[in-house]
Protein chains: 2
Amino acid sequence: MELDDRKRKILLAIIQNYQDTGEPVGSRTISKMNDLNYSPATIRNEMADLEEMGLIVQPHTSAGRVPTDKGYRLYVDHLLTNEETGLTAAEGPQLPATHMEQLLSKRMDRVEEMLMRMAQVLAANTQYTTMVTGPHYKQNKLKFIQLSAMGGGKLLAVIVLNGNIVKNNILDIGCELDQETLGHLNFSLNSNLNGLSVEEINLPLITKVKEEAGEYADIAVKVLDAVAGAFDKEDSMPVYTSGATNIFKYPELADNEKISNLINVLEEKKELGTALGVVSPDGSKQDIQVYIGDEVPVESMKDCSVVTATYQMGDGVQGKIGIIGPRRMDYQKVVETLKATMNQLDGIFKKPEE
Amino acid sequence: MELDDRKRKILLAIIQNYQDTGEPVGSRTISKMNDLNYSPATIRNEMADLEEMGLIVQPHTSAGRVPTDKGYRLYVDHLLTNEETGLTAAEGPQLPATHMEQLLSKRMDRVEEMLMRMAQVLAANTQYTTMVTGPHYKQNKLKFIQLSAMGGGKLLAVIVLNGNIVKNNILDIGCELDQETLGHLNFSLNSNLNGLSVEEINLPLITKVKEEAGEYADIAVKVLDAVAGAFDKEDSMPVYTSGATNIFKYPELADNEKISNLINVLEEKKELGTALGVVSPDGSKQDIQVYIGDEVPVESMKDCSVVTATYQMGDGVQGKIGIIGPRRMDYQKVVETLKATMNQLDGIFKKPEE
DNA sequence: GTTAGCACTCAAACGCATAGAGTGCTAACA
DNA sequence: TGTTAGCACTCTATGCGTTTGAGTGCTAAC
């Protein structure tokens with residue numbers, strides 16, 4: 001069956017009305033809208049067709065229609081491909097824009113705090129739940145290592161990666177080192193390792209570092225372990241969430257067991273990586289993904305939709321942002337907000353880095 | 001009216017039965033218990049007295065009795081003062097004990113991770129929600145500062161406090177420093193400030209540091225700001241929570257609005273400090289506090305009870321742990337678990353530190 | 001192709017009766 | 001004097017049939 005223009009309009013009307021009310025939409029409601037001046041009967045005929053096409057359903061016989069996942073997919077795909085249709089993206093004085101600038105004007109140095117704030121702002125603006133992964137460092141390089149004696153047989157190793165990611169590690173070395181030895185170790189490690197990615201730190205290099213460390217070879221090994229740990233994915237991939245309680249606003253999600261499962265996933269954070277998907281290597285700058293209902297790869301989110309985007313932070317460092325909302329979420333607003341945020345981040349991180 | 005032994009027993013029976021079922025307890029239920037061989041009528045008389053004393057109430061005329069806050073307070077005070085009655089505290093092979101040792105055997109260096117794990121273990125063991133504040137550093141002293149050049153006009157200041165608390169700060173200094181200058185600054189800062197508490201860093205000292213820094217005085221000031229920031233309460237007081245979804249298990253809390261408010265407070269973490277109360281300066285080692293219902297100083301927790309304890313981490317560093325549960329929580333188990341955990345922490349942090 | 005009309009369906013709301021748990025009170029009993 | 005059996009009473013929760021109303025599909029007329 002053909003999806004002509006009128007059918008498309010009716011589908012859109014159903015989607016928008018259902019977005020606002022959360023209630024199934026009847027033919028009368030549609031017929032009263034200004035740009036669809038047909039009688040309820042006509043609308044009903046069209047709606048029967050749309051149902052046959054699998055784009056809408058009735059929860060029960062005497063109810064109005066609700067968009068299906070397939071219906072939403074059609075709508076969302078249309079949103080994402082036809083740029084002109086509605087996606088003004090980064091333009092215009094949007095709320096997130098002003099908020100963002102305010103929050104970034106503080107020049108936060110710590111990436112984590114900025115990401116947390118970003119999650120909070122997005123959650124507040126969209127009224128949905130937001131999750132943000134910390135940046136991926138895998139492609140990153142070692143900027144420098146700084147060892148300092150802490151006393152009590154402990155050594156502080158500060159490891160700095162490109163993109164100004166700082167990691168602390170307290171190493172238990174069981175003995176005290178004098179300043180000179182420390183200086184030697186520092187120099188040896190830095191001259192051998194600086195500027196390398198974790199893959200480039202290979203066996204010959206490790207052997208060389210160990211040789212140079214002489215009797216302190218075991219300490220050097222511990223430092224190298226710490227370096228590997230600093231690059232470690234598991235550890236360097238914190239996920240920040242915000243606005244978890246926003247889901248309480250949508251009655252269709254208000255089932256206690258479901259909500260408990262969902263909040264549990266948000267608290268444990270383990271599964272969120274799955275929900276956000278993998279960062280596509282060198283994907284297009286603004287690759288926005290929309291997962292609708294059953295498409296969401298996390299069991300307890302199958303009643304929701306998730307919109308994800310990849311953010312860039314200069315130096316090739318990138319991460320993911322995700323918005324979790326009900327299936328009837330305002331996809332247009334969410335996509336626009338995400339695009340605007342991505343653009344802003346791009347702008348901010350291009351200036352000071354290059 | 002006198003609270004004789006039989007009345008006390010009946011109160012206890014009501015409390016325990018209500019703990020298990022969450023339903024109001026009737027006279028018949030009590031009379032069937034082995035150690036209270038009286039007819040329901042007798043029990044009813046006693047219950048009427050207990051109600052008159054304000055220790056129990058009926059939700060409605062034809063319902064059983066439920067303990068009041070006052071009834072719980074009596075019970076809890078009795079628990080906490082009469083040590084023999086039931087509080088075996090740290091002894092015995094409790095679940096938390098074995099868990100704790102497992103998790104601490106990993107020798108986690110990072111305090112935060114340990115605290116998070118502790119929250120998780122406690123939440124899992126008690127089936128309630130747990131919150132843990134990071135340690136207070138106010139009384140703490142500066143161990144050393146390490147400045148390193150990061151390039152791009154940025155300086156990395158690593159600030160280490162007593163108790164091996166490490167704070168990173170990236171400072172924007174707008175120029176590059178050579179190694180020698182950096183060494184001077186490092187030396188000057190450390191020789192002047194090491195071993196001092198934040199209160200001891202006073203104006204004369206600051207002037208001296210600035211003088212020694214010469215033309216780099218403004219950089220020194222920035223470092224000092226960072227030091228102050230590292231001591232800052234707001235910043236050094238993260239709160240970790242775990243088991244938020246455990247509250248869904250207790251039907252009396254299952255009101256959607258209440259639960260939303262509660263989870264919101266747990267997510268925002270701002271009010272949790274209030275709930276946990278202030279660390280008493282040099283208070284008794286195991287000062288366990290129980291807040292019952294309306295006694296809880298946070299609005300959205302007034303349907304809950306909160307049990308808090310102060311933990312010690314050597315070097316005078318201490319923080320708070322809190323367990324949030326329904327009013328009918330198992331106070332005995334919670335208090336015992338907390339005492340056991342405190343004792344373990346004491347044991348662990350005394351060994352390696354002294 | 002569009003629309004008025006109408007019979008039909010079904011969830012939600014409502015009213016009402018019933019069951020059952022639990023109480024307080026009184027009177028009898030040890 | 002303390003304990004208990006008996007009984008009337010209260011109030012919630014449950015179940016059930018009815019009503020209401022929103023919305024549909026279909027048919028026939030325009």
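Every heavy atom of this structure was used, including side-chain atoms; hydrogens, water molecules and symmetry mates were not. Note on naming: letters A, B, ... go to the chains in the order of the sequence lines (proteins, then strands), and numbering restarts at 1 for each one.
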Can you list every pair that meets salt bridge (Lys or Arg N to Asp or Glu O under 4.0 Å) and has a residue in residues 60-74 of chain B, with sequence neighbours left out?
-> B:E51-B:R65, B:D69-B:R327, B:R73-B:D77, B:R73-B:E295
So the salt bridge (Lys or Arg N to Asp or Glu O under 4.0 Å) pairs with at least one residue in residues 54-63 of chain A (sequence neighbours excluded) are none
Using the side-chain contact (heavy atoms from CB on, under 4.5 Å) criterion, which residues pair with [X]? Sequence neighbours excluded.
| X | value |
| --- | --- |
| A:D255 | A:E257, A:K258 |
| A:D49 | A:M1, A:K7, A:E46, A:M53 |
| B:S27 | B:P40, B:I43, B:R44, B:M47 |
| B:S62 | B:H60 |

Contacts of type salt bridge (Lys or Arg N to Asp or Glu O under 4.0 Å), residue B:E23, not counting sequence neighbours | none
Of all nucleotides in DNA chain D with an atom under 4.0 Å from a non-hydrogen atom of chain B, which is the first and which the last going 5' to 3'?
-> D:dT3 to D:dT12
Rounded to 10°, the helix from C:dG1-D:dC30 to C:dA30-D:dT1 deviates from straight, judged by its five-pair end axes, by 20°
Looking only at side chains, do B:T130 and B:Y240 share a donor and an acceptor under 3.5 Å apart?
-> no
Between residues 20-33 of chain A and DNA chain D, which residues have a heavy-atom gap below 4.0 Å?
-> A:G26, A:S27
Do any pairs count as a ring pair (Phe, Tyr, Trp, His ring centres under 6.0 Å) and have a residue in residues 250-272 of chain B, sequence neighbours left out, and if so which ones?
-> B:Y128-B:Y250
Give, ordered by number, those residues of residues 46-64 of chain B having at least one heavy-atom distance below 4.0 Å to an atom of DNA chain C; if nothing qualifies, reply none.
-> B:M47, B:Q58, B:T61, B:S62, B:A63, B:G64
